[in-house]
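Working notes for the structure below.
Letters A, B, ... mirror the listed sequences (proteins, then strands); counts begin at 1. Remember, it's a predicted structure, so these values are computed and weren't measured experimentally.
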2 protein chains.
Amino acid sequence: MSTPKAPEGYDRHAFEPFAVTVDLAVLTVREERLHVLLVQRGQEPYAGEWALPGGFVLPRESAETAARRELAEETGLAGAIVEGLHLEQLRTYSDPDRDPRMRVVSVAFTALVPGLPEPRGGGDAAEARWLPYGSYGPLAFDHDRILADARERVGAKLEYSCLATAFCPPEFTLGELRQVYETVWGVELDRPNFRRKVLTTPGFVRAVEGPPRRTGGRGKPAALYRAGEATALHPPLLRPEGRST
Amino acid sequence: MSTPKAPEGYDRHAFEPFAVTVDLAVLTVREERLHVLLVQRGQEPYAGEWALPGGFVLPRESAETAARRELAEETGLAGAIVEGLHLEQLRTYSDPDRDPRMRVVSVAFTALVPGLPEPRGGGDAAEARWLPYGSYGPLAFDHDRILADARERVGAKLEYSCLATAFCPPEFTLGELRQVYETVWGVELDRPNFRRKVLTTPGFVRAVEGPPRRTGGRGKPAALYRAGEATALHPPLLRPEGRST
DNA sequence: ACAAAAGTGTTTCATATACACCCATGC
DNA sequence: GCATGGGTGTATATGAAACACTTTTGT
């Protein structure tokens, strides 16, 4: 980075400065569909349209800190939830014309959440909702692109990481875990083979002791598991065909 | 991103604005070692120390455009080389104290290059050199961290992408390609098995027609190949043990 | 009884791994 | 000849895919 000093005649107050923002693609699995956390914009531009939650990075904040703060502000999710969230930097969007008002560079993050705390609007967001992926008109700014990138990234990470457990509550059944893969990838997985794969991967999941079992309604009650210590998946769990959308 | 409007009383000229820069981790394989393109800083802070090439993003540039421009300026690499370069965004570094002068958010890129056009200093860089990875004192700013992230990312991408060919000249032998993997991963690979893997992966490499062969000095001359159309590696080529450094 | 989901077992096939071995060149 | 790296073949182990079957619940 950083030329040692700014270029000849450079004055950082001389031209329109950059604003730096964060955008969050918060994903969850609900009713066998991938859902996205969106907020409804209260002001122009794009007033009334859906957008990703996010906002300006403050002078003494890192991007990640700003992401957590904005998420808490705009969705009313409990502080404990937001703090414990698995946040991952996606990439940075810097097209000069991505915001009609001024030069805005935005650092996008992805978060995977389990249950479904119903959000509420707040801060600069008129409303906040979980919406099924793709069930909305075009989003504000370049947020459709960001969301598509996030989905692609998450789908890929499921293959070689244990990230899928981030979509599940603290204790979950193998059926719920499999549901995550099937929903994100849009395919059906063979139940027996999936079970074997998960259980034989060293630190992927840890069985919850005792006979506690949970019924998902009908069918045989399933054993409960917690996320294990492992973070990588060796060997990976590859999606059946090339890549889906 | 982008709260619909800035917070109450927000004036984007009122506080110290953000500067946005790019940093480049340009890697190559040379003499069986991973090398990094570094520049020597001419000014404070960190004057005289090694740093990644990079610099300020201009008002009408995207980060990627800025990255190519800065690379050309600071290293004197030919325009054609810089334009054709495989540039990939790594991540963005936004710690408020990462630059002692002011608030600087930096978007880091990774580039993999084949041959070794000797660079020369230019722009704000007193000197530019290829240095073996790790053969230098601490770099300026948080550049050690960026470089470590870049190396980790590249090592991981070799597993499931055809990126390794980016380290090779337009025509290369399978031995050279294998050398890339061995150097980046720091392991030895079985030659016959590597060959099979590469040749049976549909679009990884394309044989160069005719009997043209290249001698690497001693040993049997090797057939030449070009990079194929494929970009992903299915199934992946996993490194032997977990992960190396 | 039936549907639905969990859980176990088995068979088959693809792929990775570990070698042994021959080939063509420089010295 | 010998060292060096390219190229071929093969046997074995490991893991994935497909599928048949049993178990336990709700209705």
Side-chain N or O of B:Arg218 closer than 4.0 Å to phosphate OP1/OP2 of D:dA3: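 Indeed not, no polar side-chain atom of B:Arg218 lies that close.
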Phosphate-side-chain proximity, A:Arg191 and C:dA5, N/O vs OP1/OP2 below 4.0 Å: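 No, because none of the side-chain N or O atoms of A:Arg191 sits under 4.0 Å from OP1 or OP2 of C:dA5.
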Give the nucleotide from the list C:dA18, C:dA6, D:dG6 with an atom nearest to the side chain of B:Lys220.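 Of the options given, the side chain of B:Lys220 lies nearest D:dG6.
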Just compare C:dG7, D:dA18, D:dA16 and give me whichever is closest to any side-chain atom of A:Ala223.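 Shortest atom-to-atom distance from the side chain points to C:dG7.
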Aromatic ring pairing A:His143/A:Phe141, orientation class (parallel under 30°, perpendicular over 60°, tilted between):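 It falls in the tilted class, 30° to 60°.
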Gap between atoms [atom1] and [atom2], on [X] and [N] respectively (whole Å):
| X | N | atom1 | atom2 | value |
| --- | --- | --- | --- | --- |
| A:Leu177 | C:dG7 | CG | P | 12 Å |
| A:Leu224 | C:dA6 | CG | P | 12 Å |
| B:Glu188 | C:dT17 | CD | P | 15 Å |
| B:Leu189 | D:dG5 | CG | P | 15 Å |
| A:Phe194 | C:dG9 | CZ | C1' | 19 Å |
| A:Glu176 | C:dA5 | CD | P | 13 Å |
| A:His234 | D:dT14 | NE2 | P | 18 Å |
| A:Leu238 | C:dA16 | CG | P | 11 Å |

Among all residues two or more places apart in sequence or in another chain, which pass the salt bridge (charged side-chain N to carboxylate O under 4.0 Å, His left out) test with B:Arg195?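 B:Arg195 satisfies salt bridge (charged side-chain N to carboxylate O under 4.0 Å, His left out) with no other residue.
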Run the salt bridge (charged side-chain N to carboxylate O under 4.0 Å, His left out) test against A:Arg91 and tell me which residues pass, sequence neighbours left out.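 Partners of A:Arg91 by the salt bridge (charged side-chain N to carboxylate O under 4.0 Å, His left out) criterion come out as none, since no residue qualifies.
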Under 4.0 Å, heavy atom to any atom of DNA chain C: which of residues 196-204 of chain A qualify?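 Under 4.0 Å from DNA chain C: A:Arg196.
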Partners of A:Thr173 by side chain to side chain contact (heavy atoms under 4.5 Å, CB included), sequence neighbours excluded?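 So A:Thr173 forms a side chain to side chain contact (heavy atoms under 4.5 Å, CB included) with A:Glu176, A:Arg214, A:Ala222, A:Leu224.
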Is it possible for you to check whether A:Arg98 lies under 6.0 Å from the centre of the six-membered ring of A:Tyr93, through NZ or CZ, and within 45° of that ring's axis?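 So A:Arg98 doesn't make the cation-pi contact.
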Residue whose closest nucleotide on DNA chain C lies nearer the 5' end, A:Leu174 versus B:Pro235: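 With A:Leu174 and B:Pro235 compared, the 5'-side residue is A:Leu174.
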Holding to ring-ring contact (aromatic ring centres under 6.0 Å, His included), I want the full list of residues that pass it with B:Phe194, two or more places apart in sequence or in another chain.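 B:Tyr181.
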Who pairs with B:Tyr160 by ring-ring contact (aromatic ring centres under 6.0 Å, His included), at least two apart in sequence or on another chain?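 By the ring-ring contact (aromatic ring centres under 6.0 Å, His included) rule, B:Tyr160 matches A:Tyr160.
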Could you tell me whether the side chain of B:Asn193 has a donor or acceptor atom within less than 3.5 Å of a complementary atom in the base of C:dA18?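 Yes, the side chain and the base share a sub-3.5 Å donor-acceptor pair.
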